[in-house]
Chemist: 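Before I ask anything, let me first share the structure, which is written out below as structure tokens.
Each chain gets a letter, A, B and so on, in the order its sequence line appears, and its residues count up from 1. All of these numbers come straight from a predicted model, not from anything done at the bench.
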There are 2 protein chains.
Amino acid sequence: MLSKKAKYALKALFVLAKDYGSEALLIGDIAEKENIPKKFLEAILLDLKNQGILYSRRGKTGGYGLLKTPEQITIGQVIRIIDGPLAWVPCARQNGYQPCDECEDVENCSIRITMRKVRDATAEILDNTTLADCVRMEKAPIDWSI
Amino acid sequence: MLSKKAKYALKALFVLAKDYGSEALLIGDIAEKENIPKKFLEAILLDLKNQGILYSRRGKTGGYGLLKTPEQITIGQVIRIIDGPLAWVPCARQNGYQPCDECEDVENCSIRITMRKVRDATAEILDNTTLADCVRMEKAPIDWSI
DNA sequence: GTATTTCGCTTTTTTGGAGAGCATTTAGTA
DNA sequence: TACTAAATGCTCTCCAAAAAAGCGAAATAC
């Protein structure tokens with residue numbers, strides 16, 4: 001499951017992406033706009049800053065802004081920062097592989113093999129969807145009836 | 001993340017699938033073989049029985065067995081029974097759709113649209129992988145070097 | 001009567017979500 | 001220079017819910 005934290009992070013980044021190029025935005029303003037608890041959002045944006053997604057300025061003219069363009073930031077990156085690896089099991093991770101506790105034959109474990117396929121399919125989608133894509137999607141949504 | 005409960009369920013079903021056609025197996029034997037806490041496995045197998053995957057016999061000659069063939073039971077079914085829907089967000093579910101708390105424009109929500117793609121890709125894999133496939137995989141694993 | 005499953009209840013541990021409080025930085029101003 | 005207002009940075013704590021596990025009594029089939 002996607003945590004609320006990750007959902008908040010994405011929502012906040014969408015706001016920042018729409019505002020890309022302007023001045024830094026205040027935590028309080030983003031929080032109010034997206035109905036996110038301010039203190040919670042504070043920790044989230046700090047995480048994103050520490051991982052090189054955002055810059056911040058303290059003090060009177062402070063705020064947060066994107067450090068890269070909306071085209072350069074993917075949903076996959078964000079979710080990994082907030083919620084960790086995409087794989088359903090540690091032994092199916094691309095990075096940070098960890099064997100299961102008791103799997104004796106990791107190489108031939110069918111759970112690992114199947115979950116690896118799921119991870120790859122998921123990464124394919126999330127790593128190829130950018131903030132810019134999302135903003136575009138919400139402005140001009142796909143017509144599903146076609 | 002795949003819960004331990006679901007992983008235990010799959011491991012236990014693999015054992016039952018390999019033994020398909022023979023007599024019912026005891027919880028204790030399965031638990032010992034796969035290093036699963038017996039009492040925990042008890043609850044798991046009960047869930048699977050109540051969802052029509054397994055049959056059980058009480059008493060001296062009791063035990064558990066598959067109610068369908070290993071070809072008819074998919075990983076997707078099992079995970080849904082134990083861990084619930086495959087979708088990362090309730091608003092991306094195929095069955096049991098639930099709108100987000102504060103999403104005003106559910107129709108055009110880019111998170112929902114993206115997560116729906118992930119769910120569909122995941123379901124495609126998990127609903128087309130059966131217990132029989134898994135047993136086969138572990139006996140004659142795919143040669144990845146080709 | 002006995003071995004075995006089933007079921008209800010409780011406990012422990014982990015995690016997610018949220019918030020409080022103080023420290024630090026910055027800009028403006030007297 | 002010194003002070004203050006306004007913003008982020010950081011640490012700690014708490015609460016609720018879920019996951020994981022355990023205990024013991026009841027039901028069932030031989």
Side-chain angles (χ1 to χ4, degrees), chain A residues 1-12 15-16 22-67 79 81-85 88-90 100-102, chain B residues 1-12 16 23-32 34-65 67 79 81-85 88-90 100-102:
Chain A
M1 279 279 291
L2 195 69
S3 69
K4 276 199 178 185
K5 197 171 176 181
K7 206 188 277 185
Y8 288 159
L10 290 172
K11 295 271 190 186
V15 173
L16 288 163
S22 308
E23 287 174 8
L25 297 182
L26 301 184
I27 292 182
D29 290 348
I30 302 174
E32 195 182 356
K33 185 164 188 175
E34 297 295 330
N35 280 305
I36 304 171
K38 190 189 168 194
K39 273 295 189 181
F40 199 23
L41 183 56
E42 202 176 297
I44 293 168
L45 296 185
L46 193 54
D47 276 350
L48 294 173
K49 180 205 164 190
N50 289 334
Q51 296 299 320
I53 304 285
L54 299 177
Y55 70 84
S56 73
R57 270 177 63 95
R58 298 221 268 205
K60 207 166 185 179
T61 60
Y64 276 95
L66 295 188
L67 205 53
I79 292 182
I81 290 171
I82 303 294
D83 282 349
W88 289 38
V89 285
C100 303
D101 292 341
E102 311 123 346
Chain B
M1 278 279 290
L2 195 69
S3 70
K4 277 199 177 185
K5 196 172 175 180
K7 206 188 276 186
Y8 288 159
L10 290 172
K11 295 271 190 186
L16 288 164
E23 285 175 13
L25 298 182
L26 301 184
I27 290 185
D29 290 347
I30 302 174
E32 194 183 358
E34 296 295 329
N35 279 306
I36 304 170
K38 190 188 168 195
K39 272 298 186 178
F40 199 24
L41 183 57
E42 202 175 299
I44 293 167
L45 297 186
L46 192 53
D47 276 351
L48 294 174
K49 179 204 163 189
N50 290 333
Q51 296 299 320
I53 304 286
L54 299 178
Y55 70 84
S56 72
R57 274 173 61 100
R58 290 203 201 178
K60 203 168 186 180
T61 60
Y64 277 95
L67 205 52
I79 292 182
I81 289 171
I82 303 295
D83 283 348
W88 289 39
V89 285
C100 303
D101 291 342
E102 309 124 347

Chemist: For D:dA7, take OP1 and OP2 only and decide whether either is under 4.0 Å from a side-chain N or O of A:Tyr64.
Modeler: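 No, outside the criterion.
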Chemist: Taking atom types as they are modelled, is there a donor-acceptor pair under 3.5 Å from the base of C:dG1 to the side chain of B:Lys60?
Modeler: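 Side chain to base: no pair below 3.5 Å.
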Chemist: Within the structure provided, determine whether B:Tyr8 and B:Phe40 are in side-chain contact (heavy-atom separation under 4.5 Å).
Modeler: yes
Chemist: Among C:dG17, C:dT6, D:dA20, which nucleotide sits nearest the side chain of B:Ser3?
Modeler: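 Taking heavy atoms from C-beta onward, the closest nucleotide is D:dA20.
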Chemist: Rounding to a whole Å, what distance do you find between A:Ile44:CD1 and C:dG17:C1'?
Modeler: 10 Å
Chemist: Quick one, A:Leu67 with A:Ile53, criterion side-chain contact (heavy atoms from CB on, under 4.5 Å). Give me CA distance, side-chain angles, the key distance, then yes/no.
Modeler: CA-CA 5 Å; A:Leu67 205 53; A:Ile53 304 285; over 6 Å; no
Chemist: At what distance, to the nearest 0.5 angstrom, does CD of A:Glu32 lie from CG of A:Leu26?
Modeler: 11.0 Å
Chemist: Under 4.0 Å, counting only non-hydrogen atoms across every strand here, what does A:Leu45 touch: a base, just sugar-phosphate, or nothing?
Modeler: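 It contacts nothing in the nucleic acid.
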Chemist: How long is the line joining CG of B:Leu48 and P of C:dT5, in whole Å?
Modeler: 15 Å
Chemist: With a 3.5 Å distance limit and no angle check, can you tell me whether A:Asp83 reaches the backbone of A:Ser3 through a side-chain donor-acceptor pair?
Modeler: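 The answer is yes, because a donor-acceptor pair under 3.5 Å joins these two groups.
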Chemist: In whole angstroms, how far is the P atom of D:dA19 from the CE atom of A:Met1?
Modeler: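 A:Met1 atom CE is separated from D:dA19 atom P by 10 Å.
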Chemist: For D:dA21, take OP1 and OP2 only and decide whether either is under 4.0 Å from a side-chain N or O of B:Lys38.
Modeler: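 Indeed not, no polar side-chain atom of B:Lys38 lies that close.
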Chemist: Looking at A:Ser56, I'd like to know whether one of its side-chain N or O atoms comes within less than 4.0 Å of OP1 or OP2 on D:dG9.
Modeler: yes
Chemist: Which nucleotide, D:dA20, C:dT5, D:dC30, lies nearest any side-chain atom of B:Ile27?
Modeler: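 Ranking D:dA20, C:dT5, D:dC30 by closest atom to the B:Ile27 side chain puts C:dT5 first.
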Chemist: For the side chain of B:Pro37, counting heavy atoms from C-beta on, which of D:dG22, C:dT4, C:dT6 is nearest?
Modeler: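 For the B:Pro37 side chain, the nearest candidate turns out to be D:dG22.
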Chemist: Looking at D:dC10, D:dA21, D:dT8, which one has an atom nearest to any side-chain atom of A:Asn50?
Modeler: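 Of the options given, the side chain of A:Asn50 lies nearest D:dC10.
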Chemist: Under 3.5 Å, is there an N or O donor on one side and an acceptor on the other linking the side chain of A:Lys39 and the base of C:dG21?
Modeler: yes
Chemist: Go through D:dG22, D:dC30, C:dG21 for me and flag the one nearest to the A:Glu42 side chain.
Modeler: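 Nearest nucleotide to the side chain: C:dG21.
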Chemist: For the pair made of CG in B:Leu2 and C1' in D:dA19, what is the distance, rounded to whole Å?
Modeler: 13 Å
Chemist: Which residue is it: B:Asp47, B:Leu10, B:Ile36, B:Leu41? I am looking for the one with a side-chain contact (heavy atoms from CB on, under 4.5 Å) to B:Lys5.
Modeler: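 By the side-chain contact (heavy atoms from CB on, under 4.5 Å) criterion, B:Lys5 pairs with just one of B:Asp47, B:Leu10, B:Ile36, B:Leu41: B:Asp47.
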Chemist: Using whole Å, what does the distance between atom P of nucleotide D:dG22 and atom CG of B:Leu46 come to?
Modeler: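 Distance, rounded to whole Å: 18 Å.
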Chemist: For A:Ala6 and B:Thr61, take the nucleotide of DNA chain C holding the closest heavy atom to each; which residue's nucleotide lies nearer the 5' end?
Modeler: B:Thr61
Chemist: Find the distance B:Phe40:CZ to D:dC23:P and express it as a whole number of Å.
Modeler: 15 Å
Chemist: In whole angstroms, how far is the P atom of C:dT6 from the CG atom of B:Leu26?
Modeler: 11 Å
Chemist: Which part of the nucleic acid does A:Gly28 contact within heavy-atom distance under 4.0 Å: base, sugar-phosphate only, or nothing?
Modeler: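 The answer is nothing, as A:Gly28 stays clear of every strand by at least 4.0 Å.
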Chemist: Let me spell it out: for each of B:Arg58 and B:Asp83, pick the nucleotide of DNA chain D with the closest heavy atom. Which residue's pick is nearer the 5' end?
Modeler: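 The residue mapped nearer the 5' terminus is B:Asp83.
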Chemist: Begin from the C-alpha positions of B:Ile79 and A:Trp88 and carry the test side-chain contact (heavy atoms from CB on, under 4.5 Å) through to its verdict.
Modeler: CA-CA 11 Å; B:Ile79 292 182; A:Trp88 289 38; 4.0 Å; yes
Chemist: Rounded to the Å, how far apart are A:Asp47 CG and D:dT11 P?
Modeler: 12 Å
